[in-house]
There are 2 protein chains.
Amino acid sequence: MPKRNCQGQGWWHGKFRGCGYRLTAGREVILDILSKSQGHLSAEDIYMKVHPKYPNIGLTTIYRTLDVLSNLGMVYKLDFGDGRARYEFAEGPKGAHHHHHLVCTDCNRVVDYADFINEEIELLRQTEKGLGAKYNFKITDHVIQFYGLCGKCSTKK
Amino acid sequence: MPKRNCQGQGWWHGKFRGCGYRLTAGREVILDILSKSQGHLSAEDIYMKVHPKYPNIGLTTIYRTLDVLSNLGMVYKLDFGDGRARYEFAEGPKGAHHHHHLVCTDCNRVVDYADFINEEIELLRQTEKGLGAKYNFKITDHVIQFYGLCGKCSTKK
DNA sequence: CTCCTTAATGAAAATGATTTCCATTTCTAA
DNA sequence: TTAGAAATGGAAATCATTTTCATTAAGGAG
């Protein structure tokens, strides 16, 4: 079980090899699905999309591959608090993309928002710096999420 | 299984009765433990503290009680991404207290921070308002968490 | 104070996402 | 080609949380 830490080097092609991972058929398929899908897919969502074409790729491999991709920074692993992780293809090098979400606690719909992002990022940068110094933390990531009821769910009650 | 929504009324005593819940011995014990403990306890942590004195209170009851308390707004349910929920006694009415955290991804230590809180809260207020209007969401909660390595964990590597 | 309805309880079983095990297959570098 | 390391899939294991179900207890009515 390799535990390499190989983030922030080159990009995409050759990244696997460069980090000592093998770019297998299964991994390419999963990466392909992810790069073509919009939104946030669970491991099982991915399995469902992969299975019809490649029935010999098991759910275990999906999980393992997602773990590798996440380590490589090619995929973000997201937690919306409903007990199942979601994965999102990373369009560029880690850190370039901010993923802030608005989650409906009733239907689990997720909105990726980009509004207010600039102010947020600026505040985050400062806070991260300040907190890191004060509490001696090496901060690597953050989560900002708003929870509530979406239009449909709040009217249907 | 009652599903009452009874937040934001009176406070503490009489809250149970007022919402149609019974104030049982088990619930009082759990509430007592929570109010006296500093920090974030998991269901099992609470079970461990309760069990010596009240060995007849089962883990199931802990879970059920935490659910009720959380519904009543007397306890916050927190998710630090390690697959087990933590609970924190709510010192006052819901919304009065902001709980922002700094989490070590290695040892799971959690720092509650209050620095930068004012700027954060102000930005949150604006963002919440703006997002709620734009995406027609009734926003009720938010999560802000920073992840990284604490001093100990980043040096021991 | 006692009765009665209904909520609350505990133990054990079920759930469901994720991991681990292990025997087999596939790469890859020499 | 060939040995050694990685990757794989299926089944079994994990582990926090929930559900089931038969039993107990709370608390309002009388």
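Heavy-atom basis, side chains included; hydrogens, waters and symmetry copies ignored. Just so we're on the same page: letters track the sequence lines, and every chain starts at 1.
Side-chain atoms of A:H100 and A:D112 form no donor-acceptor pair, as typed in the model, at a separation below 3.5 Å.
At whole-Å resolution of the value, CZ in A:R27 and P in C:dT25 are 19 Å apart. The CD1 atom of A:I46 sits 10 Å away from the P atom of C:dT18 (whole-angstrom rounding). One atom, CZ of A:R84, and another, P of C:dG16, lie 9 Å apart when rounded to the nearest Å. The distance from atom CG of A:D82 to atom P of D:dA16 is 19 Å, rounded to the nearest whole Å. Atom C1' of nucleotide D:dC15 and atom CG of B:L59 are separated by 12 Å, given to the nearest angstrom. One interatomic measurement links the two molecules: CG of A:D67 to P of D:dA7, which rounds to 12 Å at whole-angstrom precision. C:dT18 atom P lies 9 Å from atom CZ of A:R86, rounded to whole Å. Atom CZ in B:F16 sits about 17 Å away from atom C1' in C:dT6, given to the nearest Å.
Closest to the side chain of A:E44, out of C:dA17, D:dA7, C:dA8, is C:dA17. Each of C:dT18, C:dA8, C:dC21 was ranked by its minimum atom distance to the side chain of A:A43; first place goes to C:dT18. Distance from the side chain of A:Y63 is smallest to C:dT18 among C:dT18, D:dT17, C:dT9.
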Please produce a list of atom pairs where a protein N or O lies less than 3.5 Å from an N or O of nucleotides 28-30 of chain D.
residue, atom, partner, partner atom, Å
D:dG28, OP1, B:R17, NH2, 3.1
D:dG28, OP2, B:R17, NH2, 3.0

Could you list all N or O pairs between the protein and nucleotides 24-26 of chain D that sit under 3.5 Å apart?
residue, atom, partner, partner atom, Å
D:dA26, N3, B:R22, NH1, 3.3

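With sequence neighbours excluded, no residue forms a salt bridge (charged side-chain N to carboxylate O under 4.0 Å, His left out) with A:R17. Among residues two or more places apart in sequence or in another chain, the salt bridge (charged side-chain N to carboxylate O under 4.0 Å, His left out) test is passed with B:R64 by none. With sequence neighbours excluded, the residues satisfying salt bridge (charged side-chain N to carboxylate O under 4.0 Å, His left out) with B:D115 are A:K134. Contacts of A:K53 classified as salt bridge (charged side-chain N to carboxylate O under 4.0 Å, His left out), with partners at least two apart in sequence or in another chain: none.
For the atom pair OH (B:Y113) and OH (A:Y135), the distance works out to 9.5 Å, reported to the nearest 0.5 Å. A:K49 contributes atom NZ, which lies 6.0 Å from atom CG of A:L41 (distance to the nearest 0.5 angstrom).
For A:R64 and C:dT19, the shortest distance from a side-chain N or O to OP1 or OP2 is not below 4.0 Å.
Linking ILVMFWY side-chain heavy atoms closer than 4.5 Å, directly or via other members, places B:L123 and A:I144 in two distinct hydrophobic clusters.
In this structure a side-chain-to-backbone donor-acceptor pair under 3.5 Å is present from A:T155 to A:K152.
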